[in-house]
Peer 1: 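Handing you this structure, nothing more for now.
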Amino acid sequence: MSNINIDSEKARTFDAIVIGSGASGGWAAKELAEKGLKTLVLERGRPVEHVKDYPTTNMYPYEFEHRNQLTFKEQEENPIAASCYAYREDAKHFFVKDKEHPYVQEKPFDWIRGYQVGGKSLMWARQTQRWSDFDFEGPARDGFAVDWPIRYADIAPWYSHVERFAGISGNRDGLAELPDGDFLPAFPLNAVEDHFRKTVKEKYQGRHIISARCAHLSKPNQTHIDQGRVQCQNRILCQRGCPFGGYFSSNSSTLPWAQKTGNMTLRPFSVVHSILYDEAKGRATGVKVIDTNSKEEIDFFAPVIFINASALNTNLILLNSISSRFPQGLGNDNGLLGKYIAFHNYTAVITAEYDGLLQYKTDGRNPAGGGYIPRFRNVYKQETDFLRGYAAGFGASRAEVRDTSATGEALIENLLNPQLGPWRVNSHMMGETIPKESNHIRLDTQQKDDWGVPLLRISIDYDENDRKLRQDYYEQMSEMFQNAGFTNIKTHDDNRRPGNDIHEMGGVRMGHDPKTSLLNKWNQLHLCKNVFITDGACMTSTGTQNPTLTYMALAARAVDYAVKEMKKNGLKG
Ligand SMILES: Cc1cc2nc3c(=O)[nH]c(=O)nc-3n(C[C@H](O)[C@H](O)[C@H](O)COP(=O)(O)OP(=O)(O)OC[C@H]3O[C@@H](n4cnc5c(N)ncnc54)[C@H](O)[C@@H]3O)c2cc1C
């Protein structure tokens, strides 16, 4: 952690600045520091040191005052945070509470945030899949948003780079729509998950159930051991922070690695207010920070700036970076900053039961969560009356049933020898949403937060495409469930509000043309070449994959480009 002499401009000048220390910022910091740049990482939240700052990580259920539940008061006070499944007694200290950081919901939107060193990389569910060309080609083929300026081949080596260091478990499934990565061994499917895999393979062309791919060290190699991380213990208490470093987080992996180079200075409690722009030089010179403890305003300087504050906050920082050259926000001549926000549609769930395979049970726990069904709709050609499609999760389990109706010895016997219930199966949809200009965010013109930063106004909603896609998921999955012999199939409208998927993306999209996009193919602002955006804000469309692996790969790729260009021409081009 830093102790910078803020009175000296020299001490406030670095080779590079990274804003945000979460999943994508951690990667930018690691890559910049490894390449020898003195890198300042500015983080608005508190420090969270790996292991030391995971207070609940070894607690037993009975050690939690409310047995890991939320009190009614807490739920009432935090309807947004509490809408996230992981906001429980054991992990709530990593989540932003509703009253701490307000925003304006023009339309209902759950903005789930983690403001601390490590960001949301501490609480994430670690699902990690590569995009394929079917995703990068989507907008051009189907005529929405703008064409991505990159294709799979541009990012593939950077996926490998990230996967090898972070540690991603998975099988090499050989699917064109979900390219294989550099994997550690997969966590296996259980008997019923495998039964579903076999049925679907037999009865459907182009549909697959695979082991979920996730950022866990199923079998660490030397790269991970060098980071001080060891094998995942399958505790599935991940959202508390893992003292084994069994799953990837900035705190366990990229940040300590960057620290070890001696080139990173991490400054927590530092809210970035805006980017400083020098009109004479035609470039950004640094950032304006508000120290959250002293409320002091401090400027930091560097020739290159990476903004990784998470998608909506990155939009906010750019919108708030006003100069006479850029009166609508940095790089925003086309007025598209904050527009074409998209997200994932997680509003559908299916449950069922299975009476077969009762000779099997599940032993141990699967941190990957079971199976994953890659998108099978509209992959090779448009075949439905909605655009794009959905991926899905799939899991099966048997609950232990303890008969507590007896007393005395019989009760003890029952408690010690629980019976296994029937197999229960479930699936949840992960749908792509189409970026639209009307789904946007902007700054509130009246209200500001405690640090003088305008509040964000969020105006985002589902549309007809989302509803049709959901209906199709119900129909297709129900049929697949029936074919597998599952019974008591029930569809549930999850009724999640937009944002609850926690995969908000866009607003600073990549594209070929400065008239219709903000970033070029290197994640560089078209109009301010020394500012790079490599978090979800850069996403031109959303795909159906969990997005963080792609942000991390784009971050590493952009750093490589930025450093080479700096050496060539100082990022003026
Ligand atoms: C419960 C949960 C489950 C999830 N599951 C998955 C999953 O399975 N797979 C997947 O791909 N993704 C998942 N996600 C989403 C994933 O966590 C995010 O996509 C990822 O963390 C985004 O990385 P980021 O660097 O953009 O943002 P973050 O990790 O959120 O980091 C942003 C950082 O910037 C800081 N910051 C913000 N504003 C400022 C400012 N003005 N000045 C200084 N610092 C600032 C924040 O405090 C934060 O530390 C999940 C998230 C949650 C909460």
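Positions are given from 1, in the same order as the sequence printed here. Quick caveat: nothing in here was measured; it's all calculated off a predicted structure. Note that these values count all heavy atoms, side chains included, but never hydrogens, waters or copies made by symmetry. Order of listing sets the numbers, starting from 1, for every ligand and every atom in it.
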Peer 1: If you look only at distance, which donor and acceptor atoms sit under 3.5 Å apart when one is on a side chain in residues 13-20 and the other is two or more places apart or in another chain?
Peer 2:
| residue | atom | partner | partner atom | Å |
| --- | --- | --- | --- | --- |
| Thr13 | OG1 | Glu9 | O | 2.7 |
| Asp15 | OD2 | Lys38 | N | 2.8 |

Peer 1: Any chance the rings of Tyr159 and Trp131 have centres within less than 6.0 Å?
Peer 2: no

Peer 1: Heavy-atom cut-off of under 4.0 Å around ligand 1: list whichever protein residues fall inside it, by chain and number.
Peer 2: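 Contacts of ligand 1 under 4.0 Å: Ile19, Gly20, Ser21, Gly22, Ala23, Ser24, Gly25, Leu42, Glu43, Arg44, Cys84, Tyr85, Ala86, Gly114, Tyr115, Gln116, Gly119, Lys120, Ser121, Met123, Trp124, Ala125, Arg126, Gln127, Ser270, Val271, Val272, Asn308, Ala309, Ser310, Asn313, Ile317, Ile502, His503, Asp535, Asn546, Pro547, Thr548, Tyr551.
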
Peer 1: To the nearest 0.5 Å, what is the distance between CZ on Arg457 and CD on Gln446?
Peer 2: 9.5 Å

Peer 1: Just to verify, what does Ser169 make a side-chain contact (heavy atoms from CB on, under 4.5 Å) with, not counting sequence neighbours?
Peer 2: Phe187, Cys214, Ser218

Peer 1: Does the plane of the ring in Phe532 sit parallel, tilted or perpendicular to the ring in Phe306? Use 30° and 60° as the thresholds.
Peer 2: parallel

Peer 1: Who passes side-chain contact (heavy atoms from CB on, under 4.5 Å) against Asp501, sequence neighbours left out?
Peer 2: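 Phe343, His344, Tyr346, His503.
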
